[in-house]
Amino acid sequence: MLTDHDYMTRAIELAERGRYSTSPNPRVGCVLVRDGIIVGEGFHHYAGEGHAEVNALRMAGDKAQGATAYVTLEPCSHRGKTGPCCQALVNAGVVRVVTAMQDPNPLVAGSGCQYLRDAGIQTDIGLLQAEAEALNPGFIKRMSIGLPRVTCKLAMSLDGRTAMENGESQWITGPEARAEVQRLRAESCAIITGIGSILIDDSKLNVRELAIDDSYAMPRQQPLRVVMDSRLCTPLDASVIGNDGRCLVLYSNPDVGNVEDLRQAGARVIRVSGQSQTIDLEAALRYLAEKEQCNEVLIEAGATLSGALLEAGLIDELHVFIAPVLLGSKARPLFELPLMHMADKVGLTIVDRHQFGDDMRIIAVPQEA
């Protein structure tokens, strides 16, 4: 006989199907069970459309009466683009709701479960909480401290180099590793680079080839393409601008004069705090969290920007792809870090290793993050 644990596990599997598509909303799954039989399932596909509970209730129909709902995130109690899910559960006659975790959104934050209790519905919370939290680390961080979750992707040779001295870098890794990078891009709300990558590589920063299971909902639009460009050196014909309005150029120098030219070229141009030569990186990330509602951002940049983010303690996770090649001592390093003594070294905790073709990917977390 299946248990609460089994049904919540299924709800988490359903939530995973929205990994690429729910932004800026969280990924949520719901299972409805009556008399030991699953009568309804659903997950949140896209922002502005039905939440997981609504989709599961639609499938269950009248069979939701007297059912137990297993939801990976506390049902919402406020009206946004859709109605409150806790009210929908009450109206459908659900008698018990098992929730994996409380919603960190201050608009909910316990009020959804309280609404259910006040309606006489048995409410349990905390089942498979860690697994549910792993679905939405960026949403949780944005709602908790106003910053997106930051993943930094790097590709390097076995001797720790990322590009030749002249900037040539394509391709260090093989097609399998590059396909994984496309998946990383697809699940990110924004992809961030520095002006150096634009000037040297004319980076596009878009999602191109993506091969995933058909059960996953796919993004309706490209992630934001963000260029950190303190002095607005981005060329008007840069590929990153595109023609979809998804390019955002952040600058800090108040004396630049080509803001309108870049806007006419198709970029959104926003000034954030900082000095004439450098952007305040935390302020930039807070802008992306607050104004652009970015949950997860992916850094694909050179040694200077990557090093500055690491030094500032703003990187949550490193994805380092290591190719079995040597680029030599004149090639460019992984990070620009002004470290002088062994005591200054940056400690990392390795949480995963995986082979992609001939390349190895290491996922590491800065110990002070």
If you measure from [atom1] on [X] to [atom2] on [Y], what distance do you get to the nearest 0.5 Å?
X    : Y    : atom1 : atom2 : result
L348 : I363 : CG    : CD1   : 13.0 Å
T72  : E13  : OG1   : CD    : 12.0 Å
N91  : L57  : CG    : CG    : 9.5 Å
R149 : F139 : CZ    : CZ    : 15.5 Å
L305 : C152 : CG    : SG    : 8.0 Å

Check whether [X] reaches the backbone of [Y] with its side chain - one donor and one acceptor, N or O, closer than 3.5 Å.
X    : Y    : result
T193 : E300 : yes
Q182 : R208 : yes
D229 : C233 : yes
N105 : L107 : yes
R142 : P24  : yes

(message) Connecting only ILVMFWY residues whose side-chain heavy atoms lie within less than 4.5 Å of each other, what is the rest of W171's hydrophobic cluster?
(response) none
(request) Would you check if the distance from the ring center of F321 to the ring center of H319 is below 6.0 Å? (result)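 That pair fails the under 6.0 Å test.
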(request) Compare all side-chain heavy atoms of V240 with those of V249 and state whether any distance is below 4.5 angstrom. (result)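 A side-chain contact under 4.5 Å is absent here.
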(request) Check whether any side-chain heavy atom of V226 lies under 4.5 Å from a side-chain heavy atom of Y287, and answer yes or no. (result) no
Under 4.0 Å between a side-chain nitrogen and a carboxylate oxygen: does that hold for [X] and [Y]?
X    : Y    : result
D244 : R225 : yes
E296 : R27  : yes
R220 : E49  : yes

Above 12 or not: heavy atoms from other molecules or residues under 6.0 Å from [atom1] of [X]?
X    : atom1 : answer
D358 : CG    : no
K153 : NZ    : yes
D344 : CG    : yes

